[in-house]
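These figures come from a predicted structure and were not determined experimentally.
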Amino acid sequence: MGACLALCSLASCASCLCGSAPCLLCGCCPSSNNSTITRLVFSFFLLLGTMVSVIMILPGMETQLRKIPGFCEGGSTIPGLENHVNCDVIVGYKSVYRMCFAMTCFFFLFAALMIRVRSSKDPRAALQNGFWFFKFLILIGITVGAFFIPDGTFHTVWFYFGVVGSFIFILIQLILLIDFAHSWNKVWVENAENSDNKCWFAGLMSFTFLYFALAITAVVLFYVYYTQPDDCTEHKVFISLNLIFCIIISVVSILPKIQEAQPHSGLLQASLISLYTMYVTWSAMTNNPNRNCNPSLLSLVSNVSSTEPSADPGQVQWWDAQGIVGLIIFLFCTLYASIRSSSNTQVNKLMQTEEGKGFGGEGVVGEDGILRAIDDEEENVSYSYSFFHFHLCLASLYIMMTLTNWLQPDTTTQAMQSRMPAVWVKMSSSWLGLGLYLWTLIAPLIFPDRDFN
């Protein structure tokens, strides 16, 4: 009897994995829409690849693999058995490059396949919203193939792909943060006005003050630890410019004309953008090859001079603070992009989504008795399938650069080296992001006849 029940359970799972309707998460989220479930599962694929990359790059992983008898070339051997696995490729930065290359190809493939899908009635929508088992096999197949790519110039070329893709993804992250702050401010203000409860206003003021305080503290720490009286001119310019730009957007956000055109704009959004800008500034400065201007976190904590020569100049500090913060922001933005339900017309146009389509809806039970998400895209898709996959494609490149600290690989050795182009890419993305936010504030005044609500 138990075997029969187990077979029935496996049959139900198989229909979920191979069918054309997403029921994978309906048991946990029975009121979710079809579109939301699909985005969450694809995001899970990305997060799974990220976890594998993190494991591959853990310090000491190669050493542990070499201890396995008969596995790695140059490692422990078994009499009569030859070691064939090149562990230099399956761990370290090379493995991260190949894993992220596979994820990028996977999402780019779906971005191309889903161009101009208008509704769930399109045959390609079934491929988007189902057949998860086969899509997982495709991802595994691409990943396995990526590890057979010869070294050559692959890592150098793919590094520049990662730089360009990460630049665009940083802008998308900033747009999502602007949208999140806008929605947050709007909901709390409406709650305060409807309930006459001043705690909502107090909460907004508290978070605004906290974000500005953290941003100002960051500026002070940057001047103390990342500049020198007779050196680090670039850092002084970066910090000063971004400080001035953050002050400008904060003042503009509360001007009477801006408030009249956009009642929900305010200091909360400006404070969050300012804090994120300071993070990008910090991340950029940590890629400066000049160690006088870029002390390691360990040297700051232990008060060791950063000018002392390193025993191994090619040694990479994989897990630094800015990389961990970058991963946390990435996880938040990826989840938010999957479940967002925004009323911001400008952001919806940029992200190729429609207003107000998030979790809502009620699950339905199919003829086979399986709970399935409601199809909310029979008339029109709630988001651009192609753009969503392109977004995940860029996210894969961003993960690759974050896990390797934006260091450029040296194809002749195992060394990784900092380069100034990574610094300029991050700084230019922060400036462009601040410009985008400033545009969202002044656009309704420049074009009063257009709808920017």
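Residue Ile258 holds its CD1 atom at 9.0 Å from OG1 of Thr440, rounded to the nearest 0.5 Å. To the nearest 0.5 Å, atoms CG (Leu438) and CD1 (Ile442) are separated by 4.5 Å. In this structure, the separation between CZ on Phe169 and OG1 on Thr402 is 8.5 Å, given to the nearest 0.5 Å. How far OG of Ser386 is from CE of Met114: 9.0 Å, rounded to the nearest 0.5 Å.
No side-chain donor-acceptor contact under 3.5 Å links Ser183 to the backbone of Phe180. A donor-acceptor pair is defined here as one N or O able to donate and one able to accept, closer than 3.5 Å; no such pair exists between the side chain of Arg98 and the backbone of Gly145. No donor-acceptor pair under 3.5 Å is formed between the side chain of His389 and the backbone N or O of Phe108. Under the 3.5 Å distance criterion, the side-chain polar atoms of Ser53 are left unmatched by any main-chain donor or acceptor of Val96. A donor-acceptor pair is defined here as one N or O able to donate and one able to accept, closer than 3.5 Å; such a pair exists between the side chain of Lys135 and the backbone of Gln128. Without hydrogens or angle criteria, Ser428 side chain to Val425 main chain gives a donor-acceptor distance under 3.5 Å. Judged by distance alone, with hydrogens and angles left aside, the side-chain atoms of Asn185 form no donor-acceptor pair with the main-chain N or O of Ala181 at under 3.5 Å. Although no hydrogens or angles enter the test, the distance criterion places no donor-acceptor pair under 3.5 Å between the side chain of Ser283 and the main chain of Val280.
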### Message
Walk me through whether Ile399 and Ser396 qualify under side chain to side chain contact (heavy atoms under 4.5 Å, CB included).
### Response
CA-CA 5 Å; Ile399 281 298; Ser396 302; 5.8 Å; no

### Task
Walk me through it: do Trp282 and Leu221 pass the test side chain to side chain contact (heavy atoms under 4.5 Å, CB included)?
CA-CA 10 Å; Trp282 173 42; Leu221 293 176; over 6 Å; no

### Message
Evaluate Tyr276 against Tyr279 for side chain to side chain contact (heavy atoms under 4.5 Å, CB included), listing each step before the verdict.
### Response
CA-CA 5 Å; Tyr276 180 74; Tyr279 158 71; 4.1 Å; yes

### Query
Between Leu139 and Phe134, does a side chain to side chain contact (heavy atoms under 4.5 Å, CB included) hold up when you go through it step by step?
CA-CA 9 Å; Leu139 178 57; Phe134 298 107; over 6 Å; no

### Query
Going through the distances and angles, do Phe110 and Phe106 end up as a ring-ring contact (aromatic ring centres under 6.0 Å, His included)?
CA-CA 7 Å; Phe110 277 89; Phe106 175 77; 5.0 Å; yes

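For Gln259, the side-chain contact (heavy atoms from CB on, under 4.5 Å) partners are Ser265, not counting sequence neighbours.
Of the options Leu171, Val164, Ile170, a side-chain contact (heavy atoms from CB on, under 4.5 Å) to Phe167 is made by Leu171 and by none of the others.
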Per-pair distances, 0.1 Å, donor-acceptor, side chain in residues 237-253, under 3.5 Å, sequence neighbours excluded:
from, atom 1, to, atom 2, distance (Å)
Ser240, OG, Tyr223, OH, 2.6
Ser240, OG, Lys236, O, 2.8
Asn242, OD1, Trp431, NE1, 2.8
Asn242, ND2, Thr281, OG1, 2.6
Ser250, OG, Cys246, O, 2.7
Ser253, OG, Ile249, O, 3.4
Ser253, OG, Ser250, O, 2.7

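In this pair, Phe154 and Trp158 present their aromatic rings parallel. The plane angle is below 30°, not in the 30 to 60° band. Ring geometry for Phe42 versus Phe45: interplanar angle over 60°, hence perpendicular rather than tilted (30 to 60°). Taking the six-membered ring where the residue is Trp, Phe387 and Phe390 present tilted rings, their angle falling between 30° and 60°. The aromatic rings of Phe207 and Trp188 stand perpendicular to each other, their planes meeting at an angle above 60°, with 30° marking the opposite boundary.
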